[in-house]
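Encoded as structure tokens, here's the structure I'll be asking about.
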Amino acid sequence: MPEHTSNTSDVLIIGGGIIGCSIAWRLAVAGVKVTVLDRGEPGSEASWAAAGMLAPVGEQVEPPVFSDLCIASRSLYPRFTAEIEEASGQTVGYRSDGSLLVALDEKQEEELRQIHRTQTGHGFKLQPLTRAEVLSRAPQLSPEIRSGLFIPEDHWVDNQRLMRALVTACRRSGVQVEAGCAAREFLTEHDHVQSVTVEGGSCFFAKTFVLAAGCWSGEVIGWRHSLLIPCAGQMMEFEVCRDLPFVVRAGMHYVVPRPELRVLMGTTSEYRGFEKAVTARGLCSILEHTLRFAPQVAECRFLRAWAGLRPDTPDHLPILGYGETRNLIFATGHFRNGILLAPVTAEIISDLILKGVTHRPIEAYRPTRFSRESRRQ
Ligand SMILES: Cc1cc2nc3c(=O)[nH]c(=O)nc-3n(C[C@H](O)[C@H](O)[C@H](O)COP(=O)(O)OP(=O)(O)OC[C@H]3O[C@@H](n4cnc5c(N)ncnc54)[C@H](O)[C@@H]3O)c2cc1C
């Protein structure tokens, strides 16, 4: 490996979303020389487009080993965000005020009862609420709501602010962040990656490589696209007259408070390749469902709408750890939970690099779990 060039580092991370930058920051704080390559502006894809909910209890993620990982990551969040705020000098809008699930019909009421039973059984404290109790906590919600379930341990973060702060924290701690630098190919010799070539022809060298390019990771490694499946989600932003005190969700539709009297309303779940269009159908479906429980937003000023691509996988679980190539680590496929899972992913990957082991069980996420045939182009 050539020494002393700006294209040479201890660890080269491909992808500057929340996953790549969280890993980079953690390694840099431990004294590792890290470079992050991003095809565009770091933090401008799924990690920017997301709603920022940190909701492992209400979302009831499966299987149990994955639920444990999500809950562990939620527990790491207060410290993670405090450290990023200190390192960057910027606030990230981490809020621990809890989240509210609401039911508008009998089917949703049964879902809330089931979540309450299951999660109380796992030791979480959830508060079932009558319609009157829901409306006394958030009078701007609809009287059509039949009941609610308040989840004190589901939090949220302003992921757009977090991303900005994370990139600043990375740069301040010495990470070389290369924007507009698209990785094209790994050059491998005897089960070892030697370097990565980028568009324009330059080469980047490192001892260890981390693939964290979200739903584009399959393209970079040469896997068939079907292993990383883009799942588009559309989002709308409005200016409101009165702050919402917490996230409110009914099924897959939600309203998420943001600073300065703004709310996000989402979302859709669309499998249409790498297409990120905002569509009339998508926006109509968001409005149809969210205005039923948050009708006052109907009179509010529309600010903007966007779409992002969640990196889904065939079993909907992330891909973490070493594969068949000895110095290449995967940190991708976080699907709907990448904001939530950033601190624990950074911990796992940095432990693998610094100590050679992680104390978290990651067998379920091993990159080699998919057949060799489906991993080859
Ligand atoms: C609408 C929506 C709502 C969501 N809500 C939530 C939520 O509430 N809570 C939650 O936990 N998660 C949520 N998610 C999921 C979350 O956003 C993702 O799981 C997470 O952002 C994935 O992070 P990432 O860093 O892997 O990917 P990304 O943020 O997509 O970053 C990948 C990066 O890789 C770069 N890249 C691509 N190709 C190359 C290349 N060849 N060379 C170099 N760089 C490359 C891209 O430019 C990009 O910056 C949501 C997602 C969407 C779309």
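Note that ligands are numbered from 1 as they come in the structure, with each ligand's atoms numbered from 1 the same way. Not measured: the values here are computed from a predicted model.
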- Message: If hydrophobic clusters are built by linking Ile, Leu, Val, Met, Phe, Trp and Tyr wherever their side-chain heavy atoms come under 4.5 Å apart, do Met53 and Phe124 end up in the same one?
- Response: no

- Thr313 side chain vs His316 backbone, donor-acceptor pair below 3.5 Å: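 Side chain of Thr313 to backbone of His316: a pair is present.
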
- Check whether any side-chain N or O of Arg262 sits under 3.5 Å from a backbone N or O of Pro259 as a donor-acceptor pair, and report yes or no. yes

- Task: Please report the shortest heavy-atom distance between His253 and Phe293, naming the atom on each side.
- Result: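 Answer, listing the atom of His253 first, then Phe293: O-CZ, 3.8 Å.
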
- Item | side-chain contact (heavy atoms from CB on, under 4.5 Å) partner of Ile221, chosen from Ile14, Thr325, Leu228, Leu211 |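 Testing each of Ile14, Thr325, Leu228, Leu211 against Ile221, the sole residue satisfying side-chain contact (heavy atoms from CB on, under 4.5 Å) is Leu211.
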
- Query: Counting heavy atoms only, which part of Tyr254 comes closer than 4.0 Å to ligand 1: side chain, backbone, both or neither?
  - Reply: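 The answer is the side chain of Tyr254.
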
- Message: Within ligand 1, which atoms have a heavy atom of His334 less than 4.0 Å away?
- Response: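 In order of number, 19 (O).
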
- Task: Could you tell me the residue and atom name of the protein heavy atom closest to atom 27 (O) of ligand 1, and the distance to it rounded to 0.1 Å?
- Result: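 I find the closest protein heavy atom is Gly214 CA, 3.6 Å.
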
- Any sub-3.5 Å donor-acceptor pair from Arg74's side-chain atoms to His155's backbone N or O?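 No, the answer is negative, given that no donor and acceptor are paired below the 3.5 Å cut-off.
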
- Message: Under a 4.0 angstrom heavy-atom cut-off, which atoms of ligand 1 come close to Glu45?
- Response: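 In order of number, 30 (O), 46 (C), 47 (O), 48 (C), 49 (O).
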
- Message: Gly233 versus ligand 1: do any nitrogen or oxygen atoms come within less than 3.5 Å of each other?
- Response: no

- Message: Suppose we measure from atom 42 (N) of ligand 1 to each protein heavy atom; which comes out shortest, and what is that distance?
- Response: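 Going by distance alone, atom 42 (N) of ligand 1 is nearest to Ala183 N, 2.8 Å.
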
- What protein heavy atom sits nearest atom 31 (O) of ligand 1, and how far away is it? Gly17 CA, 3.4 Å

- Task: May I ask you to check if ligand 1 and Ile19 share an N or O to N or O distance below 3.5 Å?
- Result: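 There is such a contact, yes.
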
- Task: Measure from atom 7 (C) of ligand 1 to every heavy atom in Gln234, Arg184, Met53, Glu41 and give the option owning the shortest one.
- Result: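 Going through Gln234, Arg184, Met53, Glu41 one by one, Met53 has the nearest heavy atom to atom 7 (C) of ligand 1.
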
- Item | Region of Arg336 engaging ligand 1 - heavy atom pairs below 4.0 Å | backbone

- Query: To the nearest 0.5 Å, what is the distance between NZ (Lys33) and OG1 (Thr8)?
  - Reply: 6.0 Å

- Message: Can you report which non-hydrogen protein atom sits closest to atom 50 (C) of ligand 1, along with the distance?
- Response: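 I find the closest protein heavy atom is Ala50 CB, 3.4 Å.
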
- Item | Polar proximity ligand 1 side, Thr267 side, N/O cut 3.5 Å exclusive | no

- Answer yes or no: is there a donor N or O on one side and an acceptor on the other, between the side chain of Thr268 and the main chain of Gln234, under 3.5 Å? yes

- Ignoring hydrogens and geometry, is there a side-chain-to-backbone donor-acceptor pair from Asp243 to Pro245 under 3.5 Å?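 Such a contact is absent between Asp243 side chain and Pro245 backbone.
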
- Between Gln119 and His122, do the side chains contain an N or O donor and an N or O acceptor separated by less than 3.5 Å? yes

- Proximity to ligand 1 by part of Leu340, non-hydrogen separation under 4.0 Å: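 Under 4.0 Å from ligand 1, Leu340 contributes backbone and side-chain atoms.
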
- Flag for Arg336-Ser269: side-chain donor and acceptor within less than 3.5 Å: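 Yes - a donor-acceptor pair under 3.5 Å links their side chains.
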
- If we only count N/O pairs under 3.5 Å, is Pro311 in contact with ligand 1? no

- Output yes when a side-chain donor or acceptor of Arg310 lies under 3.5 Å from a complementary backbone atom of Ala232, and no otherwise. yes

- Task: Mind checking whether Phe335 contacts ligand 1 via backbone (N, CA, C, O), side chain (CB onward), both or neither, at a 4.0 Å heavy-atom cut-off?
- Result: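 Near ligand 1, Phe335 shows its backbone, while the atoms from C-beta on stay back.
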
- Under 4.0 Å between heavy atoms, the region of Ile339 that gets near ligand 1 turns out to be both

- Specify the protein heavy atom at minimum distance from atom 5 (N) of ligand 1: its residue, its atom name, and the distance to 0.1 Å.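 Ranking protein heavy atoms by distance from atom 5 (N) of ligand 1, first comes Ala51 N, 3.2 Å.
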
- For Pro42 and ligand 1, does the shortest N/O to N/O distance drop below 3.5 Å? no

- Task: Among all protein heavy atoms, pick out the one at the shortest distance from atom 37 (C) of ligand 1; state its residue, atom name and that distance to 0.1 Å.
- Result: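 The protein heavy atom lying closest is Trp216 CB, 3.5 Å.
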
- Query: At the 4.0 Å heavy-atom cut-off, does Ile18 count as touching ligand 1?
  - Reply: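 It does, in that a heavy atom of Ile18 comes within the 4.0 Å cut-off of ligand 1.
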
- For ligand 1, which atoms have a heavy atom of Asn337 less than 4.0 angstrom away?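 Per the distance check, 10 (C), 11 (O), 12 (N).
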
- Least distance between heavy atoms, Lys125 atom then Pro152 atom: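 That would be O-CD, 3.2 Å.
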
- Task: Would you mind telling me if ligand 1 is within reach of the side chain of Cys181, the backbone, both or neither, using heavy atoms under 4.0 Å?
- Result: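 Near ligand 1, Cys181 shows its backbone, while the atoms from C-beta on stay back.
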
- Query: Do we see a donor-acceptor contact under 3.5 Å between the side chains of Gln90 and Thr168?
  - Reply: yes

- Message: Does any N or O of ligand 1 fall below 3.5 Å from an N or O anywhere on Arg39, backbone included?
- Response: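 In this structure, Arg39 places an N or O atom under 3.5 Å from an N or O of ligand 1.
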
- Message: When you group the ILVMFWY residues by side-chain heavy-atom contacts below 4.5 Å and let the links chain together, are Val102 and Met265 in the same group?
- Response: yes

- Query: Does even one non-hydrogen atom of Ala182 get within less than 4.0 Å of ligand 1?
  - Reply: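 Heavy atoms of Ala182 do come under 4.0 Å of ligand 1.
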
- Item | Heavy-atom nearest option to atom 23 (O) of ligand 1, drawn from Gly266, Ser47, Ala213 |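 Result: the heavy atom closest to atom 23 (O) of ligand 1 is in Ser47.
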
- Query: Does the pair Arg137/Glu133 count as a salt bridge with the N-to-O cut at 4.0 Å?
  - Reply: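 Looking at Arg137 and Glu133, the cut-off is not met.
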
- Note on the structure: Among non-hydrogen protein atoms, atom 51 (C) of ligand 1 lies closest to Arg310 CG, 3.4 Å

- Within-shell test, Gly52 vs ligand 1, heavy atom, strictly < 4.0 Å: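 Yes, Gly52 has a heavy atom closer than 4.0 Å to ligand 1.
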
- Item | Test item: Ser202 side-chain N/O and Val198 main-chain N/O as donor-acceptor pair under 3.5 Å |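 It does not hold such a pair.
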
- Message: Does ligand 1 come near enough to Ala49 that some N or O of the ligand is less than 3.5 Å from an N or O of the residue?
- Response: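 Min N/O separation from ligand 1 is not below 3.5 Å for Ala49.
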
- Task: Please report which non-hydrogen protein atom sits nearest to atom 33 (C) of ligand 1, along with the residue it belongs to and the distance in Å to one decimal place.
- Result: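 Heavy-atom neighbour on the protein nearest atom 33 (C) of ligand 1: Asp38 OD2, 3.5 Å.
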
- Can you find an N or O of Cys231 that's nearer than 3.5 Å to an N or O of ligand 1?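 So ligand 1 has no N or O lying under 3.5 Å from an N or O of Cys231.
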
- Which of the atoms of ligand 1 are close to Gly308, meaning less than 4.0 Å from one of its heavy atoms? 53 (C)

- Any chain of hydrophobic side-chain contacts (each under 4.5 Å) joining Ile151 to Leu112? yes

- Query: Given that the side chain starts at C-beta and the backbone is N, CA, C, O, which of these parts of Met235 lies under 4.0 Å from ligand 1, counting heavy atoms, or is it both or neither?
  - Reply: side chain

- Message: Is it the case that the side chains of Thr35 and Glu178 hold a donor-acceptor pair, with the cut-off being a distance below 3.5 Å and no angle test?
- Response: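 Thr35 and Glu178 do not have a side-chain donor-acceptor pair below 3.5 Å.
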
- Any N or O of Leu309 that comes nearer than 3.5 Å to an N or O of ligand 1?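 Between Leu309 and ligand 1, no N or O pair is found under 3.5 Å apart.
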
